[in-house]
Participant: 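Before I ask anything, here is the structure I am working with.
Both backbone and side-chain heavy atoms feed into the values below; hydrogens, waters and symmetry mates do not. In the text below, chain A, chain B and the rest are named by the order of the sequence lines, each starting its count at 1.
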There are 2 protein chains.
Amino acid sequence: MEIYKTEKRQRYLEEYSIGYLFSFPIEEFLEVHEYKREEWIIQEGMRPDFLFYVIEGKAKIYVTHQNGKVSLINFIKEKDFFGEMELLNPIYYTKGIQATTKTVCFAIPFHFCRAKMLEDTAFLRELAKFLSVKSTQMAAKYTQSLSFPLENRLAEFILQTADGEIYKEKHVTVCDFLGVSYRHLLYVLAQFCDKGYLQKEGRHYRILQHNELDGLARVLMNE
Amino acid sequence: MEIYKTEKRQRYLEEYSIGYLFSFPIEEFLEVHEYKREEWIIQEGMRPDFLFYVIEGKAKIYVTHQNGKVSLINFIKEKDFFGEMELLNPIYYTKGIQATTKTVCFAIPFHFCRAKMLEDTAFLRELAKFLSVKSTQMAAKYTQSLSFPLENRLAEFILQTADGEIYKEKHVTVCDFLGVSYRHLLYVLAQFCDKGYLQKEGRHYRILQHNELDGLARVLMNE
DNA sequence: TCCTAAATATGAGATATCTCATATTATTGT
DNA sequence: ACAATAATATGAGATATCTCATATTTAGGA
């Protein structure tokens, strides 16, 4: 982890101003942190000292269960907060946050800013919106996971993450995210190839029948 | 649905004051609504005109999927909000809310109060806390449902909802809530009886081995 | 460059869970 | 009090998904 100082910090503060999220001057308190690919930004179970706001990069939220299984709860991207649970709730089991790519965040120290943030209408309104979306998404994912087989959820995931016609997510990550075994994921991917929806090209998959996948994914919708 | 007027309304306003949740005078705008057991407070897909705050009673949040399956997303109890998604988000697929028992709510009209509420620090802070808890719970339920068989989740549910030593939830409701088929629910309940954790008494079940169920439920924890 | 750990692949057998069919009680409205 | 509807119950067969064993390939570190 690297903390940007002086000019570099200043450059980020200017280029990605988040002043509009607050009605008090936040700039002076902001730290700018850079995390390397794969680096753990927050260790599971360790309360952070900052509220984070992502400027560049992507990260993943993980939790480990008692039976050893790991769940990838969600992805975090630009303009997302994390650490907000710890800001609001004195008791909370902290999830692990791992950078997927090089990630730059604003880190807002609780120590100096908690009280101010909790008194700030503009910020609280943004936060409430962010949380309402998050909560809605989790509820949707929850009920979908109980109501539909992997086939549908994977189709949606492929379409969401594909780069043009190419799908190339790591199987291991996808298993944790969709909550299925590695074996089963490969079964369903093989089915998609059999049916001609996908074509395997080395380690990647090319989407051949966008429509068919879309049909499978669309069934999840309406929420 | 019945709207309390004059004295009855006044009595509720005094007995269950929620003035402390707001920093502006809210009382004059509050309606007091009573819904009968089984009544739909909000129809799925129909945006409500109020933010609701539950005073007495219990309700359920439902969503219907395209394949006809119904999910019981969560239970709502005293001191919970609902309609807050529609307050915050102009675009949102409204879930259905059904009263389980006779339910009395304060209904805060968006028309008069939206702007005020979205400017109110005290309220926004409460709402953000409420949403953060809700989001955390959904995330936990989501990952648990993907990581553990019904056995564990049912054990937890039985302990949470049992009335003393007696478990008597309706199977139909539990299926929707835990996202499993009726058939499978009965299988696992039968297993619990075989193992001596539960004993069937007419339509109810008596908890015989609290410890064993607790062991199964505890495996979910740590979040 | 080589070694090791991670990621990919595939088979075989188990089990968790689902669908459907069919009875038998409760509950509710009239 | 009766009919209709909802809830409970159980069997049988299907399928979605898991576990484990084992190879092969890829990628990162000494």
Side-chain angles (χ1 to χ4, degrees), chain A residues 36-39 60 62 65 67-72 98 100-101 143-155 157 167-195 198-205 216 219-220, chain B residues 36-39 60 62 65 67-72 98 100-101 143-155 157 167-195 198-205 216 219-220:
Chain A
K36 288 196 276 284
R37 195 160 94 73
E38 309 279 271
E39 189 175 359
K60 292 175 281 190
Y62 279 107
H65 300 278
N67 64 359
K69 265 202 191 175
V70 169
S71 291
L72 202 189
Q98 187 186 30
T100 307
T101 62
T143 63
Q144 287 167 7
S145 74
L146 293 176
S147 304
F148 298 94
L150 180 61
E151 183 178 50
N152 299 93
R153 296 180 290 130
L154 179 59
F157 183 77
Y167 168 77
K168 52 184 171 188
E169 293 300 315
K170 275 207 248 177
H171 298 332
V172 195
T173 306
V174 180
C175 292
D176 290 341
F177 185 61
L178 297 179
V180 295
S181 66
Y182 189 90
R183 193 64 190 83
H184 190 55
L185 173 62
L186 287 221
Y187 269 136
V188 177
L189 280 172
Q191 279 175 35
F192 283 176
C193 291
D194 280 353
K195 293 179 184 165
L198 297 180
Q199 183 177 349
K200 204 166 163 185
E201 299 188 344
R203 336 215 90 204
H204 301 165
Y205 293 80
L216 287 173
V219 175
L220 300 181
Chain B
K36 288 198 275 288
R37 194 159 95 72
E38 309 279 271
E39 189 175 0
K60 292 175 282 191
Y62 279 107
H65 300 278
N67 64 359
K69 265 202 192 176
V70 169
S71 292
L72 202 187
Q98 186 187 30
T100 308
T101 63
T143 62
Q144 287 167 6
S145 74
L146 293 175
S147 304
F148 299 94
L150 180 61
E151 184 178 50
N152 299 94
R153 295 180 292 131
L154 180 59
F157 183 78
Y167 167 75
K168 51 184 173 188
E169 293 298 316
K170 275 206 248 177
H171 297 334
V172 194
T173 306
V174 180
C175 292
D176 291 342
F177 186 60
L178 298 179
V180 295
S181 66
Y182 190 90
R183 192 65 192 85
H184 190 54
L185 173 62
L186 288 221
Y187 269 136
V188 176
L189 280 172
Q191 280 176 36
F192 284 177
C193 291
D194 280 354
K195 292 179 184 165
L198 296 180
Q199 181 177 351
K200 203 167 163 187
E201 299 188 343
R203 337 216 87 202
H204 301 166
Y205 293 79
L216 287 173
V219 174
L220 300 181

Participant: Can you list everything that forms a salt bridge (Lys or Arg N to Asp or Glu O under 4.0 Å) with B/Lys36? Sequence neighbours excluded, please.
Facilitator: none

Participant: Using the side chain to side chain contact (heavy atoms under 4.5 Å, CB included) criterion, which residues pair with B/Asn67? Sequence neighbours excluded.
Facilitator: A/Phe148, B/His65, B/Lys69

Participant: Give me the first and last nucleotide of DNA chain C, going 5' to 3', that has any atom under 4.0 Å from a heavy atom of chain B.
Facilitator: C/dA16 to C/dT28

Participant: Just verifying a value: how many Å separate A/Glu38 CD and A/Thr100 OG1, rounded to the nearest 0.5 Å?
Facilitator: 8.0 Å

Participant: How long is the gap from CG on B/Leu72 to NZ on B/Lys60, to the nearest 0.5 Å?
Facilitator: 6.0 Å

Participant: What pairs with B/Glu201 under salt bridge (Lys or Arg N to Asp or Glu O under 4.0 Å), at least two apart in sequence or on another chain?
Facilitator: B/Arg206

Participant: One character per nucleotide, please: for nucleotides 25-30 of chain D, 5' to 3', B when the base has a protein heavy atom closer than 4.0 Å, S when only the sugar-phosphate does, - otherwise.
Facilitator: -S-S--

Participant: Holding to ring pair (Phe, Tyr, Trp, His ring centres under 6.0 Å), I want the full list of residues that pass it with B/Tyr62, two or more places apart in sequence or in another chain.
Facilitator: B/Trp40

Participant: For A/Ser145, which residues count as a side-chain hydrogen bond (donor to acceptor under 3.5 Å, both in side chains) partner, sequence neighbours excluded?
Facilitator: none

Participant: With sequence neighbours excluded, give me every side-chain hydrogen bond (donor to acceptor under 3.5 Å, both in side chains) pair touching residues 168-185 of chain A.
Facilitator: A/Arg183-A/Tyr187

Participant: Could you list by number each residue of residues 180-190 of chain B showing a heavy-atom separation from DNA chain C of less than 4.0 Å, or answer none if no residue does?
Facilitator: B/Val180, B/Ser181, B/Arg183, B/His184, B/Tyr187

Participant: Would you mind telling me which residue lines up with the more 5' stretch of DNA chain D, B/Gly202 or A/Arg153, judged by nearest nucleotide?
Facilitator: B/Gly202

Participant: Among residues at least two apart in sequence or on other chains, which ones pass ring pair (Phe, Tyr, Trp, His ring centres under 6.0 Å) with B/Tyr167?
Facilitator: none

Participant: Reading DNA chain C from 5' onward, which residue's closest nucleotide shows up sooner: A/Leu146 or A/Thr173?
Facilitator: A/Thr173

Participant: Among residues at least two apart in sequence or on other chains, which ones pass salt bridge (Lys or Arg N to Asp or Glu O under 4.0 Å) with B/Glu39?
Facilitator: none

Participant: Take the C1' atoms of the five end pairs on each side of the helix from C/dT4-D/dA27 to C/dT30-D/dA1, derive the two axes, and give their angle rounded to 10 degrees.
Facilitator: 60°

Participant: So which heavy atom on A/Cys175 is nearest to which on A/Leu185, and how close?
Facilitator: SG-CD2, 3.8 Å

Participant: On a heavy-atom basis, which atom in B/Leu178 and which in B/Arg153 lie closest, and how many Å separate them?
Facilitator: O-NH1, 3.0 Å

Participant: Any side-chain heavy-atom pair from A/Leu189 and A/Leu154 closer than 4.5 angstrom?
Facilitator: yes

